[in-house]
Amino acid sequence: MRLDKYLKVSRLIKRRTLAKEVAENKRILVNGILAKPSKELKIGDEITIEFGNKDVTVRVISLEATTKKSEATNLYELVREEIK
């Protein structure tokens, strides 16, 4: 699944266009490497997102798209959250 779509489906970022903009502004790393919105993710990848004053790192545990909000958090596990 593409990075921008995964961020939207997992509800880490609310809209796919916003996820695309964040990636294009070099604020997302996948496994420590700057990632483009079209980066194909696989299970086990670590995504680090820079949100203003904090960095959030999550590990991909599932790539199955869901429409239920309650199941969205089952797509990743929180690894680290750092406030700058």
Side-chain angles (χ1 to χ4, degrees):
M1 180 182 300
R2 287 173 52 110
L3 173 63
D4 55 351
K5 183 172 182 179
Y6 181 82
L7 293 173
K8 188 246 186 239
V9 169
S10 66
R11 294 186 174 32
L12 286 165
I13 297 180
K14 288 187 177 196
R15 293 184 319 273
R16 189 170 177 178
T17 54
L18 182 58
K20 182 180 180 215
E21 288 176 25
V22 172
E24 288 174 345
N25 287 325
K26 300 179 181 178
R27 294 173 47 198
I28 299 179
L29 304 173
V30 175
N31 299 325
I33 301 170
L34 281 174
K36 294 181 180 181
S38 60
K39 167 77 174 149
E40 285 294 322
L41 296 177
K42 53 189 180 297
I43 295 175
D45 282 347
E46 285 195 3
I47 304 169
T48 302
I49 308 167
E50 182 183 323
F51 289 110
N53 65 342
K54 70 178 178 179
D55 291 343
V56 176
T57 303
V58 298
R59 183 174 297 117
V60 177
I61 59 174
S62 177
L63 295 172
E64 295 180 25
T66 181
T67 56
K68 296 182 181 178
K69 287 183 181 182
S70 61
E71 294 176 7
T73 56
N74 296 333
L75 297 176
Y76 64 88
E77 66 179 350
L78 183 63
V79 174
R80 182 175 45 251
E81 187 172 353
E82 295 179 31
I83 298 176
K84 296 179 189 178

Roughly how far apart are [X] [atom1] and [Y] [atom2], rounded to 0.5 Å?
X: Arg15; Y: Lys20; atom1: CZ; atom2: NZ; value: 13.5 Å
X: Leu34; Y: Thr48; atom1: CG; atom2: OG1; value: 10.5 Å
X: Ile13; Y: Lys8; atom1: CD1; atom2: NZ; value: 12.0 Å
X: Ile28; Y: Asp4; atom1: CD1; atom2: CG; value: 8.5 Å
X: Glu81; Y: Phe51; atom1: CD; atom2: CZ; value: 9.0 Å
X: Glu40; Y: Lys5; atom1: CD; atom2: NZ; value: 10.0 Å

Check: [Y] and [X] side chains under 4.5 Å, non-hydrogen atoms:
X: Ile47; Y: Tyr76; result: no
X: Lys36; Y: Leu3; result: no
X: Leu7; Y: Val22; result: no

Quick one: does any side-chain atom of Arg27 pair with a main-chain N or O of Glu50 as donor and acceptor, under 3.5 Å?
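Confirmed, Arg27 side chain pairs with Glu50 backbone.
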Lys84 atom NZ: more than 12 heavy-atom contacts under 6.0 Å
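Counting other residues, nucleotides and ligands, NZ of Lys84 exceeds 12 neighbours.
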Applying the side-chain contact (heavy atoms from CB on, under 4.5 Å) test to Asp45, which of Ile61, Val58, Asn31, Leu63 qualifies?
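The side-chain contact (heavy atoms from CB on, under 4.5 Å) with Asp45 is passed solely by Asn31 among Ile61, Val58, Asn31, Leu63.
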